[in-house]
Amino acid sequence: MSSREAMLQKDFVVREGGSFLFDRAGEHRIFTPEDLTDEQRHIRNAARQFADRSVLPRIDAIEGKEPGLMRALLEEAGELGLLMLDIPEKYGGLEQDKTTTMLVTETLTRCASFAVSLGAHVGIGSLPLVYFGTVAQKERYLPRLATGEWIAAYALTEPGSGSDALAAKTRAELADDGTHYVLNGSKQWITNAGFADLFVVFAQVAGEHFTAFLVERDTPGFEVGPEEHKHGIKGSSTCPLVLTDVAVPAANVLGEVGKGHRIAFNILNVGRARLGTGSIGAAKYALRLAAGYAAERAQFGRTLDQFGLIRAKLGDMAVRIFAGDALGYRTAGLIDKKYAALEALSPGPDDDDFQNAVEEFTIEASILKVYGSEALDTASDEALQIHGGYGYMAEYAIERVCRDARINRIFEGTNEINRLLLAGTLLKRGMKQRVPLMKAMQAVGKALAGGAAPALDPAGDRLVPEQEQVHRMKCAALYATQQAVSRWMLQIEDQQEVLGALADVLIDVYGADSALARTLQLPADGPAAAFAADATTLFIEGARDRVFTRVKQVLCAALSGDKRDRAFAELALLDHWRPIDVFAVRERVAAAVVAAGGWPL
Amino acid sequence: MKILVAFKRVIDPDARIKLTADKTAVDTESVEYKANPFCENALEEALRLKEEHDGEVVLVSLGGEDITQTIRAGLAMGADRAVRVEIEDKALDSDLAARIFAAVYKEEEDVDLFIFGKQAVDGDNNQVGQLTAQYLGLPQACFASEVEVDEDAGEATVTREVDGGLETLAVKLPAVITADLRLNTPRYAKLPDIMKARKKEIEELDLDDLEIEDTALKIEVVSLEEPPKRKGGEIVGSVDALVEKLKNEARAL
């Protein structure tokens with residue numbers, strides 16, 4: 001049975017994007033790492049084996065940009081089939097679901113330079129063709145991209161336009177005879193540029209119609225500049241492009257003239273999801289390095305893993321990873337499930353189906369990107385800290401992992417852009433009634449005005465206090481949103497700090513909800529159940545603190561005087577702190593990490 | 001050529017393991033399994049011989065339903081099909097395993113070679129290949145580091161590593177060969193082959209199908225001990241103190 005069939009067979013419900021805020025945790029089955037098929041695990045193992053045997057041993061040469069090495073590794077990955085997962089079968093690919101792609105990414109990010117190069121090729125480089133290419137374009141390029149004979153790159157950013165991508169200045173003018181466009185301008189920070197054969201280049205047709213073009217490397221006037229010197233992922237190729245009267249055949253317009261933004265943003269959405277799970281994979285690697293070092297290094301006559309403050313760090317890292325896996329695979333599953341459902345409805349797989357499936361989960365993909373990259377930053381930083389002075393030495397892998405981690409908060413949309421995007425998207429969908437935001441906000445407001453927190457009907461008898469806390473976090477999120485919307489109405493778009501705070505709240509709610517749902521789905525007597533329950537309890541405890549702090553900040557910004565006092569009195573009905581011994585619970589999580597020498601699941 | 005390959009799964013040798021409460025086995029709750037590395041060498045050699053001489057490579061594995069994933073890994077590397085004999089791990093020892101392999105050999109007709117890993121990295125017994133050859137009355141060449149087959153002569157030339165050098169044996173086919181690590185480097189399974197492996201046949205047999213009468217275990221595991229925990233290092237003040245500790249504490253002198 002293919003993973004896609006398996007996905008359809010299990011009783012996952014296709015939910016709308018953003019519905020995690022309105023559903024009760026555990027109400028609908030979510031996709032979790034426990035639901036992976038044997039075949040998906042097998043593919044993951046193949047990718048892991050490749051990373052450990054072929055890539056990691058050559059990491060010094062990779063980081064030193066040994067000429068030809070990265071290209072050769074990508075070709076080796078191509079022979080193995082790692083570049084063909086997302087490409088349709090009829091163009092020489094394996095046509096696997098997004099979950100499988102993410103699994104592979106997760107195992108490769110321990111060698112981040114390589115993972116970024118591979119990701120730029122199979123993701124933002126090849127996917128625009130997969131989803132927006134004409135049959136002729138696909139036939140010409142996809143089989144070569146599938147094997148790694150050709151390598152792809154994606155050229156959106158320019159010196160003057162980063163986050164503001166649509167302000168790109170590169171121009172494309174249609175030639176008088178209509179056979180080709182003439183491109184002029186420059187691009188920068190283009191991953192794989194040093195050796196890529198095919199570039200997806202965005203340019204303004206007639207100065208105003210944002211459009212994507214397929215540009216082959218050897219086109220006259222197309223020049224690749226020198227390699228940049230970067231803080232991390234030093235082994236990946238990053239160069240500027242200069243286009244001087246580059247003639248691109250009209251047949252190489254990708255998608256429609258003036259519709260380039262659809263390509264740019266939909267592809268970034270997938271990229272974000274992939275980046276988020278990749279980051280969690282790198283965080284697992286950081287945890288393994290930290291646990292391994294802590295087990296070997298002795299001070300004061302004891303190995304480091306016997307010291308409370310070191311164990312606390314290991315425990316905290318594991319908690320972040322647990323929630324990250326839960327929300328990451330949930331998101332991958334949502335995209336796959338929606339796509340499979342759309343595909344089942346329509347006569348043949350259709351590009352629009354995919355775009356709809358991806359667009360549907362914009363909020364979740366952005367959360368995954370922000371959460372994953374920040375969890376990795378914290379985890380790798382703490383892993384370095386466990387190494388002490390040795391962690392600062394380039395001889396130890398964690399030094400590289402820390403530097404490599406940093407870029408994740410910047411590319412595929414900075415975390416600030418993603419925060420604005422995810423909070424803004426929820427509000428817009430609420431106003432258009434795509435999600436029941438208005439109704440839910442009113443219900444919470446009404447209950448609190450009546451002097452009581454909205455009641456929860458728990459899903460089963462496990463982790464009931466945690467279920468209650470997650471329910472209250474959601475109510476608090478809705479309450480803060482309601483106050484912010486009433487205060488600023490449509491002008492809320494200009495209140496970036498408020499949107500940022502709401503985004504933080506949504507990230508924590510999605511993390512808590514996913515961790516809880518994952519744990520509730522585990523067999524209560526299974527081997528992972530106790531660990532999962534402890535990790536869930538701890539995540540929810542931390543998330544609760546952060547959520548209520550942020551909600552109070554929003555209320556203070558939105559309200560003053562009596563209204564503020566009343567709002568705080570109403571919020572107090574939700575802000576129900578439950579004393580738990582965090583140290584004791586975390587110690588159990590840490591013990592599992594120490595026993596396993598890393599991520600225990 | 002028709003080649004059988006004994007293919008065993010083992011607990012991931014890089015994972016940390018725990019013992020069960022009664023200390024007679026390794027706790028298998030939430031452990032990861034892998035194919036035994038020596039079995040991968042055996043399979044790789046079989047695949048190379050098949051590429052050279054044509055024919056068929058058949059995996060033979062002993063275990064429950066849950067070893068299917070390991071078998072699929074072997075099929076993804078390139079084996080043509082597999083036979084799984086249903087039996088619980090704890091109902092097996094080297095002798096019974098060899099009896100079962102011998103029975104499967106008889107069931108499969110016209111086998112030219114039966115290749116084993118020289119040992120499994122879990123129990124490290126290094127017995128099954130030799131015992132199987134004995135039960136079948138076949139010539140055996142163990143710890144192979146190089147294998148060449150001359151089909152016309154019906155003979156295999158096997159280089160084996162012995163103390164202080166290499167020994168070259170010629171064995172008449174059919175024969176049993178056991179693989180050492182230096183025999184080859186096992187290939188990666190390619191992703192398209194992982195997909196194809198799903199459709200390959202795994203024949204399932206049990207002890208009754210094979211008419212094995214002597215199923216008694218000849219070995220009983222009395223107890224397992226974990227190695228002593230490593231203690232942190234210690235800096236001593238003088239050479240005398242060091243000598244004293246080496247003598248009395250470490251008992252190394």
Side-chain angles (χ1 to χ4, degrees), chain A residues 1-3 37-50 52-54 76-85 89 92-96 100 104 146-147 288 291-292 295-304 306 525-531 592-598 600-601, chain B residues 9-20 26-35 37 40 44 65-79 181 185-200 202 226-227 229-236 245 249:
Chain A
M1 180 170 31
S2 78
S3 47
T37 63
D38 279 354
E39 192 174 275
Q40 285 173 323
R41 288 170 207 270
H42 197 158
I43 290 174
R44 176 182 60 191
N45 292 348
R48 189 183 287 162
Q49 201 176 37
F50 181 72
D52 287 341
R53 290 193 200 164
S54 294
E76 238 178 273
E79 273 170 39
L80 199 61
L82 287 173
L83 307 182
M84 54 176 64
L85 287 166
E89 274 178 22
L94 295 172
E95 208 170 330
Q96 291 297 293
T100 307
V104 168
T147 58
R288 197 173 87 195
E296 293 293 322
R297 171 77 169 169
Q299 290 285 282
F300 308 105
R302 284 189 287 170
T303 51
L304 297 192
Q306 294 174 50
D525 51 356
F531 175 83
V593 172
V594 168
L601 295 187
Chain B
R9 80 167 187 183
V10 293
I11 293 171
D12 181 351
D14 297 325
R16 293 194 194 178
I17 50 166
K18 282 185 305 205
L19 298 180
T20 53
V26 173
D27 187 353
T28 54
E29 199 172 84
S30 75
V31 296
E32 287 250 358
Y33 291 95
K34 280 188 174 168
E40 289 183 322
E44 176 63 35
E65 179 89 50
D66 56 340
I67 67 167
T68 307
Q69 206 185 337
T70 308
I71 297 174
R72 295 265 177 230
L75 293 171
M77 273 176 73
L181 275 188
T185 307
R187 65 195 65 190
Y188 295 130
K190 293 180 178 173
L191 269 51
D193 296 331
I194 294 176
M195 312 288 163
K196 281 181 208 144
R198 200 169 66 206
K199 299 189 184 92
K200 289 183 177 172
I202 302 178
E226 291 188 43
K229 279 229 159 49
R230 278 182 53 181
K231 291 181 199 139
E234 187 182 342
I235 294 176
V236 293
K245 279 190 182 290
E249 274 182 38

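In what follows, chains carry the letters A, B, and so on, assigned in the order in which the sequence lines appear, proteins first and then strands, with residues in each chain numbered from 1.
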Heavy atoms only, distances under 4.5 angstrom: which of B:P192, B:A76, B:A189 has the most pairs with chain A? Name it, please.
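The answer is B:P192.
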
With chain A, the option among B:K199, B:Q69, B:R72 that has the most non-hydrogen atom pairs under 4.5 Å is B:Q69

If you count heavy-atom pairs under 4.5 Å between each of A:A47, A:G597, A:A528, A:A596 and chain B, which one has the most?
A:G597

Given A:Q299, A:R297, A:H42, the one with more heavy-atom pairs under 4.5 angstrom with chain B than any other is A:H42

Checking A:E95 side chain against A:E89 main chain: does a donor-acceptor pair fall under 3.5 Å?
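Side chain of A:E95 to backbone of A:E89: a pair is present.
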
Is the side chain of B:K34 donor-acceptor paired with the backbone N or O of B:D14 at a distance under 3.5 Å, no angle test?
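Not confirmed, B:K34 side chain does not pair with B:D14 backbone.
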
Is [X] close to chain B through its backbone or its side chain, or both, or neither, when contacts mean heavy atoms under 4.5 Å?
X      : answer
A:F300 : neither
A:L82  : both
A:R53  : both
A:A295 : side chain
A:L94  : side chain

Is the shortest side-chain N to carboxylate O distance from B:K190 to A:E79 below 4.0 Å?
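A:E79 and B:K190: not salt-bridged.
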
Could you work out, with ring pair (Phe, Tyr, Trp, His ring centres under 6.0 Å) as the rule, every residue matching A:F531, not counting sequence neighbours?
A:W599

State, to 0.1 Å, how close B:K200 and B:A79 come at their nearest heavy-atom pair, and which atoms those are.
NZ-O, 2.9 Å

Which heavy atom of A:G598 sits nearest a heavy atom of A:A291, and at what distance?
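Result for this residue pair: N-CB, 3.8 Å.
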
Can you list the residues that meet the salt bridge (Lys or Arg N to Asp or Glu O under 4.0 Å) rule with B:K18, with sequence neighbours excluded?
none

Using non-hydrogen atoms only, which part of B:A197 is less than 4.5 Å away from chain A: side chain, backbone, both, or neither?
neither

